[in-house]
Amino acid sequence: MIDINELRADPETYRASQTAREADPGFVDRILEADAQRRSAITDFEALRAEQNAFGKQVARAQGEEKQQLLAQVKQLAADVKAAQATADAAQAAQQALVAQFPNLVVEGVPSGGEDDFVQLRTEGTPRDFAAEGFEPRDHLALGELLDGIDMERGAKVSGSRFYFLKRDIARLETALLLAAQDLALDNGFVPMTTPNLVRPAIMNGTGFDVEHDDEIYRVGKDDLYLVGTSEVALAGYHADEILDLSDGPLRYAGWSSCYRREAGSAGKDTRGIIRVHQFNKLEMFVYCHPEDAAAEHERLLAWEEQMLQACGLAYRVIDTAAGDLGISAARKFDCEAWIPTQGRYRELTSTSNCTTYQARRLNIRERLPETTDAQGKAKKGGTRAVATLNGTLATTRWLVALLETHQQRDGSVTVPEILRPYLRGQEVLRPVS
């Protein structure tokens with residue numbers, strides 16, 4: 001969550017962040033009002049407690065009828081203290097509830113506005129010109145059916161709409177893609193992780209997902225657990241309530257998991273194929289680092305995503321997502337969108353977010369500050385502060401859409417990118433099944 005002390009000291013910056021997100025800047029004032037009520041209630045409670053303590057000493061010295069009168073007053077004072085504590089606790093809870101709902105402060109340079117107000121930073125690669133090659137490209141589902149590798153009909157029979165089976169070479173291609181991504185992460189200091197697909201509400205909330213109101217999340221009601229939409233959630237919770245040692249640099253994890261999203265509100269959108277589905281696999285990078293290093297680490301995550309896209313021979317663009325299209329936890333997000341030939345446009349394949357200290361505050365993840373020396377030269381143990389967290393996608397099932405369409409041949413076969421061939425026993429081409 002945000003730092004209430006920083007908001008109190010500089011509310012205009014937080015109002016500007018809300019305006020950039022196309023959200024209500026008045027939210028800042030509601031938090032400040034709740035914070036003032038909280039501090040006032042705590043002051044009243046502490047004053048009554050001090051009076052109660054002083055009164056107790058007076059009672060101890062009194063005798064006889066005076067003592068009986070004082071004891072009656074003590075009883076009333078105790079009731080007043082109890083009521084003041086309840087008021088203070090309620091004010092504290094009200095302030096914390098508002099702070100928990102407030103989105104992260106966007107960093108300087110993030111474009112203002114909504115979904116369509118992103119800034120395109122660059123394009124890489126040239127979209128393939130199928131017209132010049134003299135044939136009409138098939139979409140990924142048509143190719144998947146020729147290869148007998150994507151079965152939407154039986155997926156719907158077994159599980160409902162937006163579910164599917166991957167088979168044969170396409171099932172192997174997905175695994176190859178994830179393994180290649182895992183190896184790239186391993187080569188850059190990431191610890192490979194297989195993560196839980198179910199998490200507790202506190203972890204989901206701590207990552208920034210609103211379990212009460214987010215219609216994208218699947219809930220397992222009987223067990224009060226939630227299916228993750230990304231391994232970011234489990235990896236964020238991995239070090240909850242811990243003090244980390246970052247003296248040797250960032251902690252980097254690469255989580256492999258299945259992911260689940262209800263796709264609420266997407267009726268009629270991307271119903272063909274595997275672009276927008278309820279279940280998919282993903283290799284997610286997750287980083288804990290010093291707050292002052294977060295921006296540079298964000299650029300590194302983006303560079304690794306681009307390295308993977310380029311190795312797969314995909315044309316793509318990089319966009320700086322507008323503030324209003326950021327999730328509650330992200331202070332900045334870069335998306336890489338690959339060219340989809342049959343749609344004639346770019347579609348998101350990866351995103352990487354800098355969440356600054358927002359998630360770590362919610363999950364109580366800190367680092368120890370260096371020791372200091374006092375005026376007498378004695379060493380003094382350092383305090384703690386929240387760390388920064390970042391995440392970035394290195395491969396997902398959706399990549400198959402761009403891979404199949406980009407590398408297809410006239411006969412419906414698909415050339416395998418060189419980076420993936422070692423994971424397919426050297427296979428260079430996926431061929432239609434007759």
Side-chain angles (χ1 to χ4, degrees), residues 124-125 128 140-141 143-151 155 164-195 197 230-231 235 252-259 273-275 277 279-286 301-316 336 338-341 347-352 391-409 411-433:
E124 298 288 346
R128 188 170 162 191
H140 73 281
L141 182 55
L143 290 164
E145 290 172 344
L146 274 176
L147 297 166
D148 193 25
I150 302 176
D151 193 331
Y164 56 94
F165 285 91
L166 297 185
K167 301 166 58 182
R168 301 183 188 271
D169 284 343
I170 293 185
R172 296 173 62 231
L173 185 67
E174 181 195 38
T175 303
L177 178 66
L178 293 166
L179 285 170
Q182 187 180 68
D183 279 354
L184 189 153
L186 188 63
D187 290 343
N188 287 284
F190 285 79
V191 177
M193 303 277 277
T194 301
T195 62
N197 291 338
T230 167
S231 62
L235 292 172
R252 299 187 178 114
Y253 299 104
W256 184 326
S257 75
S258 292
C259 306
I274 60 172
I275 289 181
V277 291
Q279 177 182 337
F280 55 94
N281 295 313
K282 182 163 69 155
L283 198 290
E284 182 81 359
M285 301 178 287
F286 195 89
L301 292 177
L302 176 60
W304 287 319
E305 289 179 343
E306 292 193 65
Q307 182 179 342
M308 188 68 188
L309 288 163
Q310 290 169 14
C312 287
L314 299 177
Y316 66 93
C336 292
W339 181 257
I340 308 300
R347 298 296 301 265
E348 178 195 335
L349 289 196
T350 79
S351 66
T352 175
N391 61 80
T393 305
L394 209 49
T396 74
T397 304
R398 182 185 282 194
W399 282 47
L400 296 175
V401 175
L403 285 169
L404 293 171
E405 293 200 14
T406 297
H407 298 302
Q408 65 179 292
Q409 304 304 314
D411 63 357
S413 63
V414 176
T415 302
V416 177
E418 190 171 341
I419 188 177
L420 304 182
R421 293 175 187 175
Y423 307 98
L424 291 168
R425 298 182 177 182
Q427 187 172 345
E428 298 181 5
V429 179
L430 312 183
R431 300 191 183 280
V433 176

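We're numbering straight along the sequence, starting at 1. Since we're looking at a predicted model, the values are computed, not measured.
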With sequence neighbours excluded, residues passing side-chain hydrogen bond (donor to acceptor under 3.5 Å, both in side chains) with T393 = E284

Spacing of L143 atom CG and I170 atom CD1 [to the nearest 0.5 Å] = 7.5 Å

Which heavy-atom pair separates C312 from I419 by the least distance, and what is that distance?
-> SG-CG2, 4.2 Å

Gap separating the CG atom of L349 from the CZ atom of R398, nearest 0.5 angstrom = 7.5 Å

OG1 of T415 to CG of L403: how many Å apart, nearest 0.5 Å?
-> 11.5 Å

Heavy-atom side-chain proximity of V433 to R168 below 4.5 angstrom = yes

Without hydrogens or angle criteria, can the side chains of T230 and K282 be said to hold a donor-acceptor pair below 3.5 Å?
-> yes

With sequence neighbours excluded, tell me which residues meet side chain to side chain contact (heavy atoms under 4.5 Å, CB included) with T406.
-> L314, P341

Heavy-atom closest pair, residues G313 and H407 | O-CE1, 3.6 Å

State which residues pass side chain to side chain contact (heavy atoms under 4.5 Å, CB included) with Q310; sequence neighbours excluded, sorted by chain then number.
-> E124, E306, Y316

Should we count CD of E418 as having more than 12 external heavy atoms under 6.0 Å?
-> no

Between V416 and L430 the two heavy atoms that sit nearest each other are CG2-CD2, 3.8 Å

So the salt bridge (Lys or Arg N to Asp or Glu O under 4.0 Å) pairs with at least one residue in residues 172-182 (sequence neighbours excluded) are D169-R172

Which atom pair, heavy atoms only, marks the closest approach of S413 to V429?
-> CB-CG1, 3.8 Å

Identify each donor-acceptor pair in which a side-chain atom of residues 181-190 lies under 3.5 Å from a protein atom, sequence neighbours left out, and give them as a table.
| residue | atom | partner | partner atom | Å |
| --- | --- | --- | --- | --- |
| D183 | OD2 | Y423 | OH | 2.5 |
| N188 | OD1 | W304 | NE1 | 2.9 |
| N188 | ND2 | L184 | O | 2.8 |

Between CG of L400 and CD1 of I275, what distance do you get to the nearest 0.5 Å?
-> 11.5 Å

Smallest separation among heavy atoms of L177 and A395, with atom names | CG-CB, 3.9 Å

What is the minimum heavy-atom distance between W256 and L283, and which atoms define it?
-> CB-CD2, 3.8 Å

Could you walk me through whether L302 and C336 pass side-chain contact (heavy atoms from CB on, under 4.5 Å), step by step?
-> CA-CA 8 Å; L302 176 60; C336 292; 3.7 Å; yes

With sequence neighbours excluded, residues passing side-chain hydrogen bond (donor to acceptor under 3.5 Å, both in side chains) with R421 = none

Quick one: pull up CD in E145 and NZ in K167 and give me the separation to the nearest 0.5 Å.
-> 10.5 Å

Output for pair (T397 OG1, Q279 CD), nearest 0.5 Å, gives 8.5 Å

Does the side chain of L173 come within less than 4.5 Å of W399's, by heavy atoms?
-> no

S258 side chain vs N281 backbone, donor-acceptor pair below 3.5 Å | no

